[in-house]
Chemist: 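Here it is: the structure, laid out below.
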Amino acid sequence: MNFQEMRDFLTLYKNETNQTEHWLMSRLQQIELQGEYVPTTEEITFGARVAWRNSNKCIGRLFWQSLQVFDERHLLDEQAIFEALLRHIDVATNGGKIKPIITIFAPGRVRIWNHQLIRYAGYETDEGIVGDPESVRFTELCMKLGWQGEGTAFDVLPLVIQVDEQIPNFFEIPKEHVLEVNVTHPDYKAIDELNLKWYAVPIISSMRFSCGGIDFTAAPFNGWYMGTEIGARNFADTKRYNMLPAVADAIGLKRDTNSSLWKDRALVELNIAVLHSFKEAGVSIVDHHTAAQQFKLFEQQEGLAERDITGNWTWLIPPLSPATTHIYHQPIANIIKKPNYFYQKEPF
Ligand code: ARG
């Protein structure tokens, strides 16, 4: 634990939640007596929200105050942690009306090995990779632990949970907890026949939540998707599902010359299909134009609160038509404030 960060955090908490100077002094004194800072649920709730506000790569920060926090720091049993993760998935999914949630586990003692709670496996086969190439190493690890997937392009990986120095255990997520959306296009039936689908809720589980000088090594959090994450990256990247050639073929575009912009045309139709499908299925999603407008409101809100707005431009601009958003046209300082969410060393 880092005392300076603890003091900075409690000072921020005091200022933003209208505590008195006297409150701060006695809280600090109490922590000194205890010899350890154990944040209250109110403190980590505030911290988790501010950590979102400080997430420079995130375009969706307008909604930082709506983050709902589950304080599960008392859980040290893998089965109980698994059940808390299922609860997170259920409450966040909310039948499609996705709620931003974070579940916070015991700092330094719990680790979730998955990148996201729900993600698709990837298998190296003689015919090339089946599934998500990004998941190949983690999938191999799951199989070493004894997991067996069906071998489709969309096998949901098990949850891999570690407590202290024990060997991690894997837990299959029962299908009824995983909401998925089949990809269909409003006009091109041939896109439906590519049989693409994606899961509803992106729940990042690999990052460290740094708050008040404490590292919460397991603190999975989610918002809802921006369409381009799926349509312009997960499906489109050559190192992911690499679907642009198949989409171009499906909608009858010749692929013999770059200058026909067949990739760009396929990309737009694929992204239309993703947004259309989520809407049709009643699952929350935001297009990149609306997300940029919401980010503008966030900037204004931060200005009114007299806070400097920070961001990572390379992440904030959407991967589709970036220059159509205001974000593209202005610089933004990538200064890292705490509390925040950080990458941590992969446990495998
Ligand atoms: N880009 C990641 C994915 O496609 C998800 C990252 C978090 N995204 C979000 N909208 N909260 O799976």
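We count residues from 1, following the sequence as given. When a ligand or atom number is given, it counts from 1 through the structure's own listing order. The figures that follow rest on heavy atoms only: side chains count, while hydrogens, waters and symmetry mates do not.
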Chemist: So, Lys338 and Glu5, do they make that salt bridge, N to O below 4.0 Å?
Modeler: yes
Chemist: Can you list, by chain and residue number, every protein residue with a non-hydrogen atom closer than 4.0 Å to ligand 1?
Modeler: Gln116, Tyr199, Pro202, Ile204, Gly223, Trp224, Tyr225, Glu229, Asn234
Chemist: Please determine if Glu165 and Arg109 form a salt bridge, counting it only when a charged side-chain N lies under 4.0 Å from a carboxylate O.
Modeler: no
Chemist: Flag the pair Arg255 and Asp249 as a salt bridge only when some basic side-chain nitrogen lies within less than 4.0 angstrom of an acidic carboxylate oxygen.
Modeler: yes
Chemist: Are the aromatic rings of Phe170 and Trp113 close, with centres under 6.0 Å apart?
Modeler: no
Chemist: Evaluate the side-chain proximity of Glu269 to Ile191: yes if any heavy-atom separation is below 4.5 Å, no if none is.
Modeler: yes
Chemist: Are the charged groups of Glu302 and Arg61 less than 4.0 angstrom apart, N to O?
Modeler: no
